[in-house]
Asker: 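Quick one: structure below, then a few questions.
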Amino acid sequence: MMDIKTAFAELGFWEDTTEEEQETVFGMDFPGGSYVMVTNDNGRIPEDEQQNLVLACYDQNDCYLWGSEFKNLAALQAVCKKAVPESAELLTAFKAASGTLKEE
């Protein structure tokens, strides 16, 4: 089984711990101050590469903009291969998956 933290780091996501809940989160920053956070479909840190993944996009003021779902880590990796981490192109690719459970 792949180490989930290593997999997200290789895709360009950062890892942090929330102040209030002390939960580990993965995220990626984009031009203009927006960012995405990745959780499993229960709103928690993904524990393995087979879980459904949810990307939630927020603006620079931490306001929710949109969300996208991916069947598993492999589906997310396939989208990440289409553009450079933290690029506007990658953010657009993530948004294109909005509202669907993508299986690339």
Asker: Could you work out, with side chain to side chain donor-acceptor pair (under 3.5 Å) as the rule, every residue matching T18, not counting sequence neighbours?
Answerer: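 With sequence neighbours excluded, T18 shows a side chain to side chain donor-acceptor pair (under 3.5 Å) to E21, given in chain and number order.
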Asker: Going from OG on S34 to CG on L65, what distance comes out if it is rounded to the nearest 0.5 angstrom?
Answerer: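 The CG atom of L65 is 7.0 Å from OG of S34, to the nearest 0.5 Å.
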Asker: Compare all side-chain heavy atoms of L11 with those of L73 and state whether any distance is below 4.5 angstrom.
Answerer: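 They are in contact (side-chain heavy atoms under 4.5 Å apart), so the answer is yes.
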Asker: Under the side-chain contact (heavy atoms from CB on, under 4.5 Å) test, which residues partner S87, sequence neighbours left out?
Answerer: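 Once residues adjacent in sequence are excluded, the partners of S87 under the side-chain contact (heavy atoms from CB on, under 4.5 Å) criterion are A83, V84, E89, L90.
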Asker: Holding to side chain to side chain donor-acceptor pair (under 3.5 Å), I want the full list of residues that pass it with D41, two or more places apart in sequence or in another chain.
Answerer: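 In terms of side chain to side chain donor-acceptor pair (under 3.5 Å), with neighbours along the sequence ignored, D41 is linked to N52.
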Asker: Pair up each side-chain donor or acceptor in residues 53-63 with any protein partner under 3.5 Å, not counting sequence neighbours, and list the distances.
Answerer:
{"unit_1": "D59", "atom_1": "OD1", "unit_2": "N61", "atom_2": "N", "d": "2.8"}
{"unit_1": "D59", "atom_1": "OD1", "unit_2": "D62", "atom_2": "N", "d": "3.2"}
{"unit_1": "D59", "atom_1": "OD1", "unit_2": "C63", "atom_2": "N", "d": "3.0"}
{"unit_1": "D62", "atom_1": "OD1", "unit_2": "Y35", "atom_2": "OH", "d": "2.6"}

Asker: Mind checking what makes side chain to side chain donor-acceptor pair (under 3.5 Å) contact with N40, not counting sequence neighbours?
Answerer: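 Listed in chain order: nothing, the list is empty.
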Asker: Are there over 12 heavy-atom neighbours, none belonging to E19, within less than 6.0 Å of that residue's CD?
Answerer: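 No, the 6.0 Å shell around CD holds no more than 12 heavy atoms from other groups.
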Asker: Do the side chains of C80 and F94 get nearer than 4.5 Å, heavy atoms only?
Answerer: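 In short, these two side chains touch, coming nearer than 4.5 Å.
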Asker: Taking a hydrophobic cluster as the set of Ile, Leu, Val, Met, Phe, Trp and Tyr residues connected by side-chain heavy atoms closer than 4.5 Å, whether directly or through intermediates, do M28 and V38 fall within one such cluster?
Answerer: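 In one cluster: yes.
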Asker: Any idea which heavy atoms bring E86 and G12 closest together, and the distance?
Answerer: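 The pair with the smallest heavy-atom distance is OE2-O, 4.4 Å.
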Asker: Are F70 and W66 connected in a single hydrophobic cluster, I mean Ile/Leu/Val/Met/Phe/Trp/Tyr linked by side-chain heavy atoms less than 4.5 Å apart?
Answerer: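 Yes; F70 is reachable from W66 via cluster members.
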Asker: Nearest 0.5 Å, please: how far is CD in Q50 from NZ in K71?
Answerer: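 Here the rounded value is 8.5 Å.
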Asker: Let me confirm one number: the CD-CG distance from E47 to N42, rounded to the nearest 0.5 Å.
Answerer: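 That separation rounds to 9.5 Å.
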Asker: Check whether F13 and M37 end up in the same hydrophobic cluster, where Ile, Leu, Val, Met, Phe, Trp and Tyr are linked by side-chain heavy atoms less than 4.5 Å apart.
Answerer: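 Each belongs to a different hydrophobic cluster.
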Asker: Taking salt bridge (charged side-chain N to carboxylate O under 4.0 Å, His left out) as the definition, give me every residue that meets it alongside K81, ordered by chain and number, with sequence neighbours left out.
Answerer: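 Result, salt bridge (charged side-chain N to carboxylate O under 4.0 Å, His left out) vs K81: none returned.
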Asker: Does E15 have any side chain to side chain donor-acceptor pair (under 3.5 Å) partners at least two apart in sequence or in another chain, and if so, which?
Answerer: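 E15: side chain to side chain donor-acceptor pair (under 3.5 Å) contacts with K5.
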Asker: Do L91 and V79 land in one hydrophobic cluster if side-chain heavy atoms of ILVMFWY residues count as linked below 4.5 Å?
Answerer: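 As far as the 4.5 Å side-chain criterion goes, V79 and L91 are connected within one cluster.
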